[in-house]
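Naming convention: chains lettered A, B, ... in sequence-line order (proteins, then strands); numbering from 1 in each chain. For clarity, every value in this text was computed on a predicted model and none was experimentally measured.
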There are 2 protein chains.
Amino acid sequence: MFESVTIKDIAKALGVSTSTVSRALNGSYEIGTETKKLVLEYAEKINYRPNPIALSLKEQKSHSIGVVVCEVANDYFSQAINGIESIAYNRGYHVIITQTHESFDRESANVKHLLSRHVDGLLVSLSAQTTDTSQYKYLLDKGFPIVFFDRAATDLNTHKVIANNFKGAFEATETLLKAGFTKIAHITNSNNLLISRERLDGFKATLEQYGVEFNAAYIKHCNHGGMIRDEVEFALKELLNMAEPPEAIFSGSDRLTISCVSILKAMGIKIPEQLALAGFTNSDVVQLFDPPLTVVRQPAFRIGQMATEMLIKTIESKWPVEEFSTEKVDAELIVRSSSQKI
Amino acid sequence: MFESVTIKDIAKALGVSTSTVSRALNGSYEIGTETKKLVLEYAEKINYRPNPIALSLKEQKSHSIGVVVCEVANDYFSQAINGIESIAYNRGYHVIITQTHESFDRESANVKHLLSRHVDGLLVSLSAQTTDTSQYKYLLDKGFPIVFFDRAATDLNTHKVIANNFKGAFEATETLLKAGFTKIAHITNSNNLLISRERLDGFKATLEQYGVEFNAAYIKHCNHGGMIRDEVEFALKELLNMAEPPEAIFSGSDRLTISCVSILKAMGIKIPEQLALAGFTNSDVVQLFDPPLTVVRQPAFRIGQMATEMLIKTIESKWPVEEFSTEKVDAELIVRSSSQKI
DNA sequence: CTGAAAGCGCTAACAT
DNA sequence: ATGTTAGCGCTTTCAG
């Protein structure tokens, strides 16, 4: 490896012991002011940097946190990672990112891999396929710090940071209703995901409040979260081929919203004339779409930051954490023309 | 830390020495078949995983690679990181990502931070502000492995993976010329970046080949690479206020292309009727724009993979690497309506 | 074929 | 106030 200065080099150069150097560097009181100054100056001069690996071995901490997301190349997650990174960096942690590609097996393998790397804690957003959360339960029971963000597990007692999905879905549905649509379909991610269930609940609640009857045939679950285009296309075609096809769609995830636009365009369906659309997405370019999209945008950066703050707090807590909190942050509805009645 | 099984536990349980266990685990030949089997089985049974931190300390290798990019929340870089991750994961390396936000100071700090973390090598894409590459020179001279991707330094002798920027720019300009535009402006990133210079060269070469005179006033450099919207807006306004304003724009980066569309829309300028557009971007949703965008798309995922393969090869090379190669990969021109003459 | 011991860089008792 | 030493988990001479 690229050679570097050790505490031993300093000790030798100054004719003191390594422990003296260590004490000086760590600002211990039981050391002479003179010696301390000497060591500090010399260390500065030769640009000494403690070896984090040695520290990790000693402290049994790696100062790294593992991140599990479905994919990096996704507006929501890349923004969240940006937030995670910003906090972790400042707190001296580094971030190891892994992707599940919505597969439970990949997710399990990633968690194992991260643990074998001795990460100090985990920031996870479940894959769409995941129903078995026992590996997390096992870890949490042992006191291992885990914070879920966005896609949390319902049955696990730990810190969570999630968007107010119910409210976001409510507002999106409401804007569609207010625009004059009553036959509204909802295309959403796997029902395994809590976010899907919450968004569906928000959707239903809005209909109820506005006195519109709920039609179960208008709900389509895409279990791969839009990763498979055919799945979305199939759902869309089924909806359009109904005796009474919907007039509007509320889509429940980043990828689904984009897929819907893409597929409808390819099919020659005009938005919003033939089918209006409002959906969750964190893409910042949807106002440039044809038509500009009405979206629910989550504060992904902030969510990443909050989750990381909670995780580091848990990691650095002296006592086993027993009290867990769930932070809920509001998503923002941005109304544009895709949800307007022409 | 979350407890884990060590070689010592196995040794104790089996009544052998730690070195025997180590040898068995590492498939050394100087060990009895019986003992070996015993150890292997027991290790398997109790799910033993070697401590990577201890290994790192011993081997003086961290099995991690540092990545320096301007930002994660950018289509090009998130795709590249995806590629980096895919290779690194398979080769047992983990990836530490840092962002410069186009600032030289952040870049320097990130490199220092990564080094203090003892990464085994660096994958870097320079910030738009960077002109001083002496820190990399210093490291390279010491034999430290660095691979540049996308935004490489000209004066440094090391591995590089870049897109064929000249060709990409040539084709984009050509499609504009063939559509019938002759007054073409070029908005690009800081001239500090080699990619900017190569793209400008490609632009000039096309004009020359098609016998169109080059007009220096049609070249606008945005030194913050589109991070600052006003900068792009100012450039665009200057162009439009010229006595002979351009009929088309060729934009030289992801962020600039998107910014141009966004600003022109806000200004009420119709694309391509009033101003046609073709530009570099890796966004996968630009065909949904109004109008669908003509773009040069780079194989970012592949570039990330190649750079990582080269880096790991260099890291694991027994002998100091003296021969460096520059891999050039083709970008793809995708023609859509933003570059058509109406 | 196997065990003992040193050492990677650092900290923290435990001496002096 | 400073030095000595052990130990974190592992590999690797060096003995036997």
Side-chain angles (χ1 to χ4, degrees), chain A residues 1-43 46-64 92 115-120 316 318, chain B residues 1-40 42-43 46-64 92 115-120 316:
Chain A
M1 147 149 298
F2 175 62
E3 110 290 350
S4 63
V5 189
T6 76
I7 214 175
K8 217 187 219 166
D9 300 323
I10 301 182
K12 206 185 298 171
L14 263 42
V16 296
S17 77
T18 58
S19 38
T20 302
V21 177
S22 172
R23 275 188 280 251
L25 259 18
N26 293 299
S28 164
Y29 281 105
E30 42 174 325
I31 194 172
T33 333
E34 272 308 297
T35 328
K36 190 168 175 176
K37 209 179 124 200
L38 207 66
V39 172
L40 256 26
E41 273 169 3
Y42 186 72
I46 61 170
N47 195 28
Y48 167 80
R49 298 267 167 267
N51 182 333
I53 300 171
L55 277 173
S56 293
L57 184 60
K58 178 91 218 174
E59 297 172 15
Q60 301 291 66
K61 304 207 119 239
S62 63
H63 282 277
S64 64
L115 288 175
S116 81
R117 289 245 166 241
H118 285 228
V119 293
D120 295 337
E316 295 183 349
K318 299 280 178 214
Chain B
M1 148 147 297
F2 175 63
E3 109 292 348
S4 62
V5 189
T6 76
I7 214 174
K8 217 189 224 167
D9 298 323
I10 301 182
K12 207 185 298 169
L14 263 40
V16 295
S17 76
T18 57
S19 35
T20 302
V21 177
S22 172
R23 275 189 278 251
L25 259 17
N26 294 298
S28 163
Y29 282 105
E30 41 174 327
I31 194 172
T33 333
E34 273 308 296
T35 330
K36 190 167 176 176
K37 208 179 125 199
L38 206 67
V39 172
L40 255 27
Y42 185 72
I46 61 170
N47 195 28
Y48 166 79
R49 298 267 169 267
N51 181 332
I53 298 171
L55 277 174
S56 294
L57 183 60
K58 180 87 218 178
E59 298 173 13
Q60 302 290 65
K61 303 208 120 235
S62 63
H63 281 278
S64 64
L115 289 175
S116 82
R117 288 243 166 242
H118 286 229
V119 293
D120 296 337
E316 296 183 349

Can Val5(A) and Arg49(A) be said to form a side chain to side chain contact (heavy atoms under 4.5 Å, CB included), step by step? CA-CA 7 Å; Val5(A) 189; Arg49(A) 298 267 167 267; over 6 Å; no
Apply the test side chain to side chain contact (heavy atoms under 4.5 Å, CB included) to residues Thr20(B) and Ser17(B): give CA-CA distance (whole Å), side-chain angles for both, the deciding distance (0.1 Å), then the verdict. CA-CA 5 Å; Thr20(B) 302; Ser17(B) 76; 3.1 Å; yes
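The NE2-P distance, from His63(A) to dC10(C), rounds to 14 Å in whole Å. In this structure, Ile10(A) atom CD1 and dC10(C) atom C1' are separated by 12 Å, rounded to whole Å. Put simply, CG on Leu14(B) is 10 Å from P on dG3(C), counting in whole angstrom units. To the nearest angstrom, P of dG3(C) lies 16 Å from NZ of Lys12(B).
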Can you give me the N/O atom pairs linking the protein to nucleotides 10-12 of chain D at distances under 3.5 Å, or say none if there are none?
residue	atom	partner	partner atom	Å
dC10(D)	OP1	Tyr48(B)	OH	2.6
dC10(D)	OP1	Asn51(B)	N	3.0
dC10(D)	OP2	Ile7(B)	N	2.6
dT11(D)	OP1	Asn26(B)	ND2	3.4
dT11(D)	OP2	Ser22(B)	OG	2.9
dT11(D)	O2	Lys58(B)	NZ	3.0

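Within the model, atoms CG of Leu38(A) and CG of Leu14(A) stand 4.5 Å from one another, a figure rounded to the nearest 0.5 Å. One finds the CG atom of Asp9(A) at 11.5 Å from the OG1 atom of Thr18(A) (value rounded to the nearest 0.5 Å). If you take NZ on Lys58(A) and CG on Leu57(B), they are separated by 12.0 Å, rounding to the nearest 0.5 Å.
Shown here for Leu55(A) and Pro50(A), the closest heavy-atom pair between the two residues is CD1-CB, 4.2 Å.
Evaluation of the side-chain contact (heavy atoms from CB on, under 4.5 Å) rule for Ser56(A) yields Ile53(B) as partners, not counting sequence neighbours.
In this model, the phosphate group of dG9(C) is approached by a side-chain N or O of Gln60(B) to a distance below 4.0 Å at OP1 or OP2.
Remark: Thr35(A) in residues 33-41 of chain A come within less than 4.0 Å of DNA chain D through at least one heavy atom.
A side chain to side chain contact (heavy atoms under 4.5 Å, CB included) with Tyr48(B) is found for exactly one of Ile10(B), Val39(B), Leu40(B), namely Ile10(B).
Leu57(B) comes within contact range of at least one nucleobase, with a heavy-atom separation under 4.0 Å.
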